[in-house]
Amino acid sequence: MSGRLVTRSRLRKAAPWAGLVLLWLVVSTTIGLLGFANDSERVTIGAHAATVSPTFDSHATLDLGAVLPRLRLQTDLPADLGINIDIQETDADNLTELLNRDALIASQPDGEIARIREVVREMAVDNAVAGAGSGLLAAVVVATVWAMLGPRRRRELFVLLHSSERRVQHRAVVVLVAMLITIASIFGPGRMRAPEVAPTEWRPLSALLPELSFDERLKTVEVASGFSTTGGIGVIRTAVETYERSTDFYGQLRDRVVRVGGRIHQANPGETVALLVSDRHDNIGMDPFAAEVAKVAGAKVLIDAGDDSSSGQAWEVFSINSLAQHFKDLKVVAVAGNHDAGGHIEDAMRKNKFTVLDSKPVEVEGIRFLGDSDPTRTGLGSADSPGDETTAEQSTRLADVACEQPEDKRISTMVVHDPASFADTATRGCATLLLSGHLHRQVGPDTKVVDGKPVTTFTNGTTGGAAYAFALGYTLRRPGEVTLVTYSEGQPIGLQTVTAELIGEVTVGAYRPLSS
């Protein structure tokens with residue numbers, strides 16, 4: 001008997017806490033879900049500003065405006081979660097340029113897909129935190145009122161409620177209805193009215209253009225039927241053809257890496273391989289090729305020598321998103337080039353957890369790096385404009401940093417964009433390997449002995465196959481080059497270039513040992 005009394009006493013004491021936990025859970029879930037369902041985020045996707053908002057229709061829907069039809073494809077997200085992407089303004093000069101950009105970016109969408117997933121995840125986390133905070137506030141308020149009333153007043157209220165049960169029930173109904181009206185007024189405008197137009201009919205893209213062939217990704221795309229679809233068939237056809245030409249060309253390049261893989265130098269036990277890219281100039285089509293080279297060689301580090309974009313605009317962040325997605329298993333060491341100036345590209349690098357060199361020595365995978373982003377600012381087709389310093393001043397400053405390092409902390413690899421920025425360090429012999437891009441052609445490797453130590457300089461050709469500062473396209477304008485750097489105990493011991501030729505072939509250069 002006493003045991004039952006003890007158990008009942010414990011249950012009575014635990015009941016208020018259980019109630020508070022239940023209250024917190026109900027309020028948190030309700031507020032979190034309502035907030036998430038009504039949330040949106042303005043982001044840059046591809047060549048556009050866009051607003052991303054969650055849905056629960058298990059599709060990713062792209063609203064392309066009044067001229068072009070809406071597109072959608074199935075998502076693989078849990079709980080039938082979908083995404084609505086309202087495509088908005090762009091800085092493209094005309095529709096043809098815009099469609100070419102969109103089609104080429106869509107041919108390598110992994111970076112933008114990862115970015116959208118991250119945006120939705122951030123919205124979910126933000127609303128979950130807001131819901132949890134609201135639930136906690138409600139629980140604290142209830143607990144405070146409960147404690148302030150005290151046991152005696154609570155008993156009196158309990159008796160009063162039971163003696164006025166019917167009246168209280170009526171009041172409770174009134175309160176409940178008032179709460180429902182309040183919630184509806186906040187979240188319901190425009191959502192509770194019946195639609196005034198017929199539901200959208202969706203047709204497979206392949207049915208709209210039966211004369212074209214489609215890869216597996218495009219076969220899942222559906223198009224909203226209607227006036228814009230009928231009027232935009234020619235526009236859609238052009239975009240699909242551009243997409244197909246891009247995926248075919250760059251897909252063949254990636255596949256041919258495997259066929260020539262036996263010529264790529266394989267690292268010995270204890271050695272580390274890094275892949276050097278530079279001057280991609282928005283050509284994300286080359287990223288699967290470069291990633292395949294890194295995979296075959298067993299690379300652990302990506303070295304990015306800059307000019308990932310053509311003008312450093314916000315819409316060009318897709319280039320960094322693509323690089324991050326294709327090399328997500330590698331550590332990335334990067335500098336920005338003169339065409340990356342403006343802050344958007346470096347911000348995207350840091351957001352994707354790249355190690356952006358900023359004139360301080362850092363160690364990655366046992367390799368001691370030093371470098372800095374290019375101080376010059378150059379737009380697409382515009383002349384250079386000075387930054388905070390000239391390349392000559394940067395060269396002197398970086399050499400001072402490199403030369404003040406103790407012998408056991410000697411700089412293994414200096415990374416800059418313009419080879420002029422490593423000139424003083426090379427002359428003074430304060431780094432073992434000095435890497436750059438900028439010239440769109442390979443220079444070196446050239447090795448000199450300074451104070452008894454070998455110093456090698458090397459300029460990588462354009463990875464994006466760029467002519468001038470533009471490379472985004474369904475083919476290459478120049479051969480696209482990447483370089484494998486082999487290290488032993490943190491010191492460079494060999495270089496090897498792998499080049500994508502204009503005709504779609506892949507050339508593997510000879511492995512060049514470096515003096516130690």
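All values derive from a computational prediction rather than experimental measurement.
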pair V335-D374: side-chain heavy atoms closer than 4.5 Å: no
Would a distance-only check, ignoring hydrogens and angles, find a side-chain to backbone donor-acceptor pair under 3.5 Å from D304 to G306? yes
Side chains of S311 and E316: any donor to acceptor distance under 3.5 Å? yes
Has E481 got a side-chain atom pairing as donor or acceptor with V277's backbone, closer than 3.5 angstrom? no
Donor-acceptor contact present, side-chain T456 to main-chain T447, <3.5 Å: no
Checking the side chain of S278 only, and the main-chain atoms of G437 only, is there a donor and an acceptor separated by less than 3.5 Å? no
Rounded distance [0.5 Å steps], CG in L323 versus NZ in K328: 13.5 Å
Side chains of D282 and S309: do they bring a donor and an acceptor to under 3.5 Å? no
Within the side chain of D340, is there an N or O that forms a donor-acceptor pair under 3.5 Å with the backbone of D307? yes
Roughly how far, to the nearest 0.5 Å, is CG of D248 from OG1 of T475? 11.5 Å
Looking only at heavy atoms, what is the nearest atom pair of H344 and Q313, with distance? CD2-C, 4.0 Å
CG-CD distance between L253 and E505, expressed to the nearest 0.5 angstrom: 9.0 Å
CD/E346 to CG/D358 distance, rounded to the nearest 0.5 angstrom? 9.0 Å
H326 side, atom NE2; F289 side, atom CZ - distance, nearest 0.5 Å: 13.0 Å
Testing the 3.5 Å rule here: is there a donor-acceptor pair between the side chains of Y250 and N283? yes
Starting from the C-alpha separation in whole Å, work towards a yes-or-no answer on side chain to side chain donor-acceptor pair (under 3.5 Å) for D308 and S319. CA-CA 6 Å; D308 291 293; S319 183; 4.9 Å; no
Closer than 3.5 angstrom, by distance alone: can the side chain of Q496 be matched with the main-chain N or O of H265 as a donor-acceptor pair? yes
Could you go step by step and tell me if T432 and T413 meet the side-chain contact (heavy atoms from CB on, under 4.5 Å) rule? CA-CA 6 Å; T432 304; T413 304; over 6 Å; no
Using salt bridge (Lys or Arg N to Asp or Glu O under 4.0 Å), reason through D400 and R428 one step at a time and then give a plain yes or no. CA-CA 9 Å; D400 290 340; R428 294 163 64 177; 3.0 Å; yes
Passes side chain to side chain donor-acceptor pair (under 3.5 Å), T272 versus E365? Steps please. CA-CA 8 Å; T272 300; E365 287 291 326; 4.9 Å; no
How about Q405 and R368: does a side-chain donor come under 3.5 Å of a side-chain acceptor? yes
Got a salt bridge between R254 and D287, using NZ or NE/NH1/NH2 to carboxylate O under 4.0 Å? no
Are E271 and S488 linked by a side-chain donor-acceptor pair shorter than 3.5 Å? no
Between H440 and T462 (side chain of the first, backbone of the second, donor and acceptor by atom type, cut-off under 3.5 Å), is there such a pair? no
Please determine whether a side-chain nitrogen of the Lys or Arg among D424 and R397 lies less than 4.0 Å from a carboxylate oxygen of the Asp or Glu. no
Spell out, as yes or no, whether a donor-acceptor pair under 3.5 Å connects the side chain of S515 to the backbone of P454. no
Interatomic spacing from CG in L275 to CG in L330 - rounded to 0.5 Å: 8.0 Å
For the residue pair H438 and H417, does the interplanar ring angle fall in the parallel (under 30°), tilted (30 to 60°) or perpendicular (over 60°) class? perpendicular
Only one of D418, T390, N338, T391 clears side-chain contact (heavy atoms from CB on, under 4.5 Å) with P375; which? T391
Mind checking salt bridge (Lys or Arg N to Asp or Glu O under 4.0 Å) for E292 and listing every partner two or more places apart, or none if nothing turns up? none
Just by distance, do the side chain of R256 and the backbone of G504 share a donor-acceptor pair under 3.5 Å? yes
State whether the side chain of Q442 and the backbone N or O of G444 hold a donor-acceptor pair below 3.5 Å, judged by distance alone. yes
Do P361 and F369 have side chains that get closer than 4.5 Å, going by heavy atoms? no
